[in-house]
Amino acid sequence: MRSESLVFLRSLLDTPSPSGFERDGQRIWLSYVRANGATRTWNDAYGNCFAELAATERGAGEPLTIAVCGHADEIGLMVNHFDSNGFVYCKQIGGIDAGSIVGKRVQ
């Protein structure tokens, strides 16, 4: 992996993007694709991000259309209480299985 690709990946993974608050992670992705050949980037009314590579910049024999689809959000928690023993109580942001995060490291 190229070092700049690793820097991008780490930056993307370290940027909080819980459900309903995906914009910061999307900005990092859009910035990366702009710097790596996208001729146009945009968002739609639903919060989806798009990047376009002009046909004149494609190499011979390369596909005309490529779609990369994925979720921009991540599991999110919101702290709503600290007790006198130092326990932290959280509520979920978005739809998650609360049992799957018990004992997991959070940031």
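The structure presented is a predicted model; accordingly, all values stated were derived computationally and were not measured.
Under the rule for a side chain to side chain contact (heavy atoms under 4.5 Å, CB included), the partners of Leu9 that lie at least two apart in sequence or sit in another chain are Met1, Leu13. Taking the side chain to side chain contact (heavy atoms under 4.5 Å, CB included) definition, one finds that Met78 meets it with Ile93, sequence neighbours left out. Every residue meeting the side chain to side chain donor-acceptor pair (under 3.5 Å) condition with Asp24, not counting sequence neighbours, appears here in chain and number order: Arg27. Partners of Gln92 by side chain to side chain donor-acceptor pair (under 3.5 Å), not counting sequence neighbours: none found.
Contact between Ala51 and Val33 at its shortest, heavy atoms only, is CB-CG2, 3.7 Å. The two atoms that bring Gln26 and Gly47 nearest to each other are NE2-O, 2.7 Å, heavy atoms only.
A donor-acceptor pair is defined here as one N or O able to donate and one able to accept, closer than 3.5 Å; no such pair exists between the side chain of Glu22 and the backbone of Glu74. Side-chain atoms of Glu4 never come within 3.5 Å of backbone atoms of Arg2 as a donor-acceptor pair (strictly under, hydrogens ignored).
Going from atom CD1 of Ile28 over to atom CG of Leu30 covers 10.5 Å, rounded to the nearest 0.5 Å. Going from atom CG of Asn43 over to atom CZ of Phe50 covers 8.5 Å, rounded to the nearest 0.5 Å.
Note on residues 82-107: pairs passing ring-ring contact (aromatic ring centres under 6.0 Å, His included), not counting sequence neighbours, are His81-Tyr89. The ring-ring contact (aromatic ring centres under 6.0 Å, His included) pairs that include a residue from residues 20-40 are Phe8-Tyr32, where partners are two or more places apart or lie in different chains. Every pair passing side chain to side chain donor-acceptor pair (under 3.5 Å) that includes a residue from residues 9-19 is listed here, sequence neighbours excluded: Ser19-Asp73. Legend: salt bridge (Lys or Arg N to Asp or Glu O under 4.0 Å) pairs involving residues 80-103, not counting sequence neighbours: none detected.
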Evaluate the side chain to side chain contact (heavy atoms under 4.5 Å, CB included) criterion for residues Arg34 and Thr39: first the C-alpha distance (whole Å), next the side-chain angles of each, then the deciding distance (0.1 Å), finally the verdict.
CA-CA 7 Å; Arg34 280 185 202 115; Thr39 53; over 6 Å; no

